Student: 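Below is the structure I would like to discuss, written out as structure tokens.
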Amino acid sequence: ETGVTQTPRHLVMGMTNKKSLKCEQHLGHNAMYWYKQSAKKPLELMFVYNFKEQTENNSVPSRFSPECPNSSHLFLHLHTLQPEDSALYLCASSPRQGPISTDTQYFGPGTRLTVL
Amino acid sequence: AQSVAQPEDQVNVAEGNPLTVKCTYSVSGNPYLFWYVQYPNRGLQFLLKYITGDNLVKGSYGFEAEFNKSQTSFHLKKPSALVSDSALYFCAVRDSFSGNTGKLIFGQGTTLQVKP
């Protein structure tokens with residue numbers, strides 16, 4: 001395993017539900033990422049946190065709300081989602097993030113989300 | 001603008017034969033290049049990366065990749081394929097140009113099918 005865990009692994013929710021995805025890394029990294037992986041599409045970067053500060057929001061709809069209480073934990077709060085939001089949501093971490101960083105990102109196993 | 005292309009949706013190879021998964025890129029500065037593999041229902045696993053130096057990079061599970069600056073390519077190779085290598089492979093690039101945030105751009109993925 002990579003040292004990045006995600007819970008739950010599978011989630012089914014209705015469009016009016018509120019749920020949260022959790023990511024935890026045990027690697028001592030300072031940067032954490034949320035990606036969306038849909039079928040037949042490249043990975044889409046959603047959010048980046050570097051030393052607990054959000055450094056990237058890739059035009060993500062407000063129904064997705066990230067939270068990074070510390071460098072080891074990252075949450076993605078979900079509310080009033082649409083069926084097209086069904087996808088695999090991947091969390092990743094790296095030592096740090098920035099324009100000159102050559103650090104490798106390490107990924108968790110993902111949460112398979114289905115919105116009914 | 002940064003971009004990565006994996007021109008083949010799927011590559012089929014017989015077990016024991018050499019394999020190549022192609023990747024080309026476009027960046028403003030010097031490229032930092034990565035290969036990841038994804039097995040079914042799993043997250044992405046890091047295979048190897050090129051930052052600088054020797055154009056032939058060796059990685060996990062017997063994989064290697066050759067950086068070719070003139071052709072802007074970073075093809076993944078393995079001398080002898082195994083059935084267990086069957087998976088989805090992603091190429092990714094980070095631009096060292098200082099005007100960028102350093103985010104990783106992924107290709108759309110190539111499915112490798114190794115037949116016994």
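If you're wondering where the values come from, they're calculated on a predicted model, not measured in any experiment.
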Student: Can you check whether B:Leu44 reaches A:Leu90 side chain to side chain, under 4.5 Å on heavy atoms?
Tutor: yes
Student: Under a 4.5 Å cut-off applied to non-hydrogen side-chain atoms, are B:Phe106 and A:Glu44 in contact?
Tutor: no
Student: Counting only N and O atoms by type, is there a donor-acceptor contact under 3.5 Å from the side chain of B:Arg94 to the main-chain atoms of A:Asp103?
Tutor: yes
Student: Any chance you could measure A:Thr104, atom OG1, to B:Tyr32, atom OH, to the nearest 0.5 Å?
Tutor: 12.5 Å
Student: Measure centre to centre between the rings of B:Phe46 and A:Phe107, then say whether the value is under 6.0 Å.
Tutor: no
Student: Sort B:Gln6 into side chain, backbone, both or neither according to what part of it lies under 4.5 angstrom from a heavy atom of chain A.
Tutor: neither
Student: Tell me, side chain or backbone of B:Leu88 under 4.5 Å from chain A's heavy atoms, or both, or neither?
Tutor: side chain
Student: Do A:Gln105 and B:Phe34 pass the side chain to side chain contact (heavy atoms under 4.5 Å, CB included) test, and can you show the C-alpha distance, the side-chain angles, and the key distance before you say yes or no?
Tutor: CA-CA 10 Å; A:Gln105 291 181 26; B:Phe34 300 77; over 6 Å; no
Student: B:Tyr61 and B:Val21: same hydrophobic cluster, using ILVMFWY side-chain contacts below 4.5 Å?
Tutor: yes
Student: A:Leu113 and A:Leu45: same hydrophobic cluster, using ILVMFWY side-chain contacts below 4.5 Å?
Tutor: no
Student: Need one label for A:Asn58: side chain, backbone, both or neither, based on atoms under 4.5 Å from any heavy atom in chain B.
Tutor: side chain
Student: With clusters defined by side-chain heavy atoms of hydrophobic residues (ILVMFWY) lying less than 4.5 Å apart, directly or transitively, does A:Leu88 cluster with A:Leu78?
Tutor: no
Student: Flag the pair A:Gln37 / B:Phe90 as yes when at least one side-chain heavy-atom distance between them is below 4.5 Å, and no otherwise.
Tutor: yes
Student: Any heavy-atom pair between the side chains of A:Tyr35 and B:Leu104 that's under 4.5 Å?
Tutor: yes
Student: Might you point out which heavy atoms bring A:Pro42 and B:Gly107 nearest each other, and give the distance in Å?
Tutor: CB-O, 3.8 Å
Student: Is there a continuous path of hydrophobic side-chain contacts, each under 4.5 Å between heavy atoms, that joins A:Leu11 to A:Val60?
Tutor: yes
Student: Please check if the side chain of B:Arg42 supplies one atom and the backbone of A:Gly108 the other of a donor-acceptor pair under 3.5 Å.
Tutor: no
Student: A:Met46 and A:Tyr106: same hydrophobic cluster, using ILVMFWY side-chain contacts below 4.5 Å?
Tutor: no
Student: Taking CG in B:Asn41 as the centre, count heavy atoms belonging to other residues, nucleotides or ligands within less than 6.0 Å. Is the count above 12?
Tutor: no
